[in-house]
Amino acid sequence: QVQLVESGGELVQAGGSLRLSCAASGRTFSNDPMGWFRQAPGKEREFVAAISWSGSSTYYADSVKGRFTISRDNAKNTVYLQMNSLKPEDTAVYYCAESLRPIWTMRRGADYWGQGTQVTVSS
């Protein structure tokens with residue numbers, strides 16, 4: 001079974017930066033798109049960013065465009081989310097995800113999920 005393990009979440013002040021990592025293992029397909037979702041307290045899980053395995057295509061939620069950057073290192077089987085200019089509204093549990101479907105579908109969901117890592121942005 002596919003296993004995704006996130007790391008890097010922590011408490012950070014508004015305006016600061018964090019980089020989240022997602023290490024993938026198990027029986028994954030090398031061409032599967034990967035992405036990040038987040039869920040704030042009392043809210044539904046929402047799409048944040050996605051990247052094709054080659055890195056040639058990326059998608060971002062409007063709320064994070066210009067601030068977050070998704071990237072990957074296939075040699076390490078790892079996906080990253082660089083988060084800059086963080087706002088209190090970014091506070092959420094961030095989930096790494098892998099999709100068996102085309103990258104454009106990841107705005108609506110994914111197939112495999114990590115356990116999540118907490119990001120808290122203070123004022």
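Residues passing the ring-ring contact (aromatic ring centres under 6.0 Å, His included) test with F47 are F37, sequence neighbours excluded. Here E46 pairs with R38 under the salt bridge (Lys or Arg N to Asp or Glu O under 4.0 Å) rule; sequence neighbours left out. For T120, the side-chain hydrogen bond (donor to acceptor under 3.5 Å, both in side chains) test picks out Q118, with sequence neighbours left out.
Note that CD1 of I51 and OG of S57 are 9.0 Å apart. Values are rounded to the nearest 0.5 Å. Distance check: S54 OG to N74 CG gives 8.0 Å after rounding to the nearest 0.5 Å. Rounding to the nearest 0.5 Å places CD1 of I103 at 11.0 Å from CE of M34. Within the model, atoms CG of N84 and OG1 of T69 stand 6.5 Å from one another, a figure rounded to the nearest 0.5 Å. A distance of 11.0 Å separates CE in M106 from OG in S52, rounded to the nearest 0.5 Å.
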Go through the steps for L20 and S7 under the test side chain to side chain contact (heavy atoms under 4.5 Å, CB included), then give the verdict. CA-CA 6 Å; L20 306 182; S7 62; over 6 Å; no

Output, in order, the C-alpha distance, side-chain angles, deciding distance and verdict of side chain to side chain contact (heavy atoms under 4.5 Å, CB included) for D90 and V119. CA-CA 8 Å; D90 296 317; V119 173; 5.5 Å; no

Determine, stepwise, if the pair E98 / W113 fulfils side chain to side chain contact (heavy atoms under 4.5 Å, CB included). CA-CA 7 Å; E98 180 176 356; W113 303 87; over 6 Å; no

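Scanning all heavy atoms of the two residues, the minimum distance from C22 to L4 falls at SG-CB, 4.0 Å. Summarising the geometry of D32 relative to W53, their closest heavy-atom pair is O-CB, 3.6 Å, with the distance given to 0.1 Å. When all heavy atoms of L81 and A49 are compared, the pair lying nearest together is CD1-CB, 4.2 Å. Residues S17 and Q82 come closest through the heavy atom pair CB-NE2, 3.9 Å. Of all heavy-atom pairs spanning E6 and G116, the tightest one is OE1-N, 2.9 Å. Between S99 and T105, the shortest heavy-atom distance links the atoms OG-OG1, 3.9 Å.
Paired with Y60 under the rule side chain to side chain contact (heavy atoms under 4.5 Å, CB included), one option of R107, K65, R67 passes, and it is K65.
Side chain of Q39 to main chain of A92: no donor-acceptor pair is present (N/O by atom type, distance under 3.5 Å, no hydrogens or angles).
Within the 4.5 Å cutoff, side-chain heavy atoms of D111 are placed close to those of R101.
Side-chain heavy atoms closer than 4.5 Å link hydrophobic residues (I, L, V, M, F, W, Y) into clusters, and following such links, even through other members, never connects Y59 to L100. Transitive grouping of hydrophobic side chains (ILVMFWY, heavy atoms separated by less than 4.5 Å) keeps Y95 and V121 in distinct clusters. Transitive grouping of hydrophobic side chains (ILVMFWY, heavy atoms separated by less than 4.5 Å) keeps V93 and M83 in distinct clusters.
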